[in-house]
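All of these numbers come straight from a predicted model, not from anything done at the bench. Chain naming here is simple, since letters A, B, ... match the order of the sequence lines and numbering starts at 1 in each.
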Protein chains: 2
Amino acid sequence: MARPERRTVRDLRKGNRAVLLRALYFVGPTSRHELTALTGLSAATVSNVTGDLLADNVIVEAGLVDSDGGRPRVLLRVNPVYGYAIGVDVGETHVRVELFDLDMNEKAKAEYALRPGGHEVELVVRHILAGIEAVLADSGVAPGQVLGVGVGVPGIVESGPDALIHAQTFGWDSVPLGALLREGTSLPLYVDNGAKTMGQAELWFGAGRGSRNAVIALIGSGVGASIITDGVTYRGANSSAGEWGHTKIALGGRTCRCGGRGCLEAYIGAEAILERAGLPLDTATEQAQLAELVRSGSPVIDETVEYLGAGLANLINLFNPERIVVGGWAGLTLGHHLLTKIKKAAAENCLTQPFSTASIVLGRLGPDAVALGAATLVIEEFLLSNTAAPAREAAAL
Amino acid sequence: MARPERRTVRDLRKGNRAVLLRALYFVGPTSRHELTALTGLSAATVSNVTGDLLADNVIVEAGLVDSDGGRPRVLLRVNPVYGYAIGVDVGETHVRVELFDLDMNEKAKAEYALRPGGHEVELVVRHILAGIEAVLADSGVAPGQVLGVGVGVPGIVESGPDALIHAQTFGWDSVPLGALLREGTSLPLYVDNGAKTMGQAELWFGAGRGSRNAVIALIGSGVGASIITDGVTYRGANSSAGEWGHTKIALGGRTCRCGGRGCLEAYIGAEAILERAGLPLDTATEQAQLAELVRSGSPVIDETVEYLGAGLANLINLFNPERIVVGGWAGLTLGHHLLTKIKKAAAENCLTQPFSTASIVLGRLGPDAVALGAATLVIEEFLLSNTAAPAREAAAL
DNA sequence: TGACTTTTTTCAAGATATATACTATGTATT
DNA sequence: AATACATAGTATATATCTTGAAAAAAGTCA
């Protein structure tokens, strides 16, 4: 029941513009000639559309490449300073705001610490708005050059103008973050769950690069997943898809902080691991504690590996991805030393056919990936509908 | 990273043709005027394209509707005899072949029993080919009028020209069913997993109608799911997505017939239920046995409901569907009497936000839905690329 | 019969991608 | 240094497409 769209002949141009821009963005500097092969468009059309894009300053020429005995090809690339994207990471311990150019080079950064339990919405909103001001001032970028602001937050984000957020760990219940931010800024906003933005970062620039069907598993204090179907983050009916951490893996088992019993998070979430090992919880030292557990070969870790493998196997059985990326600080700590064992545990709990076609790899991006991924939300929109970009006039100066 | 396509101006017509045909197919008899509202196309284009479709005999006029004081509208509809679709259900006990017109009226049917364990590929292929012959003869439909043959089979079906099938229960390992069938027929073939075809039937004509994000859970002897993302069956990297039955719900628990431990199927699969109740396995009476268990309020059923609810909750957490359809004969037997309890169990094991937006309903189609759904594979292709339909000349006679 | 209403078709206009011919810009050869 | 050659990119003519406006069609109502 896939529904085709497209109506007028004008949409064609818009679509082909997007096709070319996307190719240029992801493939990098390329000549018009190569673009014909890359996109399937005729040379004439490539010439036409790139002409438009050049005139709009969305792309720029980037040097020549000489070929044996012919006219050298002119390389084209996305104009990195055509516009900028701001990515915001709202985490348990901090609010981080970063400004990127279109090449995803970080141009400025602002960070605000949050006290444990100090997650009042007003405070977070103030930090975000202050951060936007700060990165603009630091980088000297004018607001008109900013294509948008992406925000990665914990919890479930309902898509819609208000961007209602439900985040138990923050004590946020139906918080209209989008609406609140809009009172302080007129920049286009894209709010999404932080696990999804980080997943998109891994997909675009990290270990998920090039896959069309993938799952990025995020294991930190909490446990989540970002599901990629046909190259796009899958969000479901109300944008809450991917709540892997609270799927039941041992019905009736350990009590989870969500109140349920037998949740995966109650076994492989960082806090759950430490708790099972009988260690005191302290967010300042938990990373070191976990590393020590892994190093010492604690039996709790063996058990964790088993549960993690089974959890990954469930994802493979359900989604049949070509790639599974294990990320999040706890996931990386476990994975760096135990990836082979994790794979083995997954294999034992998975149907052979889907397992054999899924590769399990570690995430390649650090914790900053949440903000980076949030910024990709802006880029995603830019690549699709670059025509009426708000920063057009500003960047064309 | 959604990738836009579309190139030439000709694709526009093709796309709009598909848009209109789809609207006519799913909405039913409609006037050109209504189609403009339905599709967003201009009246002129609707007139143009429907003219083409009429000339090609793909659609036909279907009477008038008089309006108060104006020219009466001419109703248009898909020509039910423009072509026919054959659906094949390869089950554990039978091979069923049905021929449908485009209105999905069954015009002929052929059925062949399979002995338990008698699943040799050659036999199944013979039955399918004989069934195709039979339904064509019975209905008087010429082969040239058949748009294609959809086949629903157990196990994992790798998409590709050979349609490799891996079905443990059948003892099929990398069986190239597509290639084998092609030796006996030149009709276009569409092979897919039976749970997926049944899911598509429920999606198009049953309890899933109208949903864009849904999961159709199928509970019989085996347990599977059909995942609908954005209105389309999700297949994953190798078409094996939806293997819900072998996800672990109780790690280290009961041994499943797949060899794993703690699979969902080991708790809610029909055979597993009967086994847990200490009843002898007999495919002839298992349906009655299960019904009796449900009627008598066996504690095994209570436990099953708990596991089923948790399994559904996992689906809701991961996929955030707007609807869950419980189908399959065992699922329906359980659901008819215990849907409230099942919902309660699901709620207890699910995050509140996604649960609150998901409705859990029973399937509305009978066991024939596998063949019906297989036929929808043919229709799906027809609606997308009706231009060069192979049966065009035949049907235009 | 004639005015009016609503649906559908016709027609001219504007926009697009493509093929083909053509121009631009280099290297290789004489 | 001049010329031939090869490759990259552009301009033009053509066939399609969708659309808005006008026209036609086919009724009702007074």
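For the salt bridge (charged side-chain N to carboxylate O under 4.0 Å, His left out) test, no residue two or more places apart in sequence or in another chain qualifies with Asp11(A). Taking Asp52(B) as the reference, Arg13(B), Arg17(B) meet the side-chain contact (heavy atoms from CB on, under 4.5 Å) condition, with sequence neighbours excluded. When the side-chain hydrogen bond (donor to acceptor under 3.5 Å, both in side chains) test is applied to Tyr234(B), the partners found at least two apart in sequence or on another chain are Asn213(A). Scanning for side-chain contact (heavy atoms from CB on, under 4.5 Å) contacts around Leu64(A) gives Pro72(A), Val74(A), with sequence neighbours left out. Partners of Leu377(B) according to the side-chain contact (heavy atoms from CB on, under 4.5 Å) rule, which considers only residues two or more places apart in sequence or in another chain, are Tyr190(B), Asp192(B), Thr197(B), Gln200(B), Arg235(B), Glu380(B). Looking at residues two or more places apart in sequence or on another chain, you find a side-chain contact (heavy atoms from CB on, under 4.5 Å) between Arg364(B) and Glu202(B), Ala207(B). Listed by chain and number, the residues in a side-chain hydrogen bond (donor to acceptor under 3.5 Å, both in side chains) with Thr357(A) are Asn238(B) (sequence neighbours excluded).
As rounded to whole Å, 5 Å separates atom P of dA17(C) from atom CG of Asn16(A). Between the CG atom of Asp52(A) and the C1' atom of dA17(C) there is a distance of 13 Å, rounded to whole Å. The CZ atom of Arg7(A) sits 18 Å away from the C1' atom of dT16(C) (whole-angstrom rounding). Counting to the nearest Å, the C1' atom of dA19(C) and the CZ atom of Arg10(B) are 13 Å from each other.
Judged purely by atom type and a 3.5 angstrom limit, Ser385(A) uses its side chain to pair as donor or acceptor with the backbone of Glu381(A).
The salt bridge (charged side-chain N to carboxylate O under 4.0 Å, His left out) contacts involving residues 38-51 of chain B comprise nothing, where partners must be two or more places apart or lie in separate chains.
For residues 42-51 of chain B, proximity to DNA chain C is found at Ala43(B), Ala44(B), Ser47(B), defined as any non-hydrogen atom under 4.0 angstrom from a strand atom.
With a heavy-atom cut-off of 4.0 Å to chain B, the contacted part of DNA chain D has its first and last nucleotide at dT16(D) to dT28(D).
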For residues 157-164 of chain B, tabulate all N or O donor-acceptor pairs below 3.5 Å that involve a side-chain atom, not counting sequence neighbours.
from	atom 1	to	atom 2	distance (Å)
Glu158(B)	OE2	Gln353(A)	NE2	3.0
Glu158(B)	OE2	His166(B)	NE2	2.8
Ser159(B)	OG	Ser239(B)	OG	3.4

Footprint string (nucleotides 24-30 of chain C, 5' to 3'): B base within contact, S backbone only, - free, heavy atoms under 4.0 Å: BBBS---
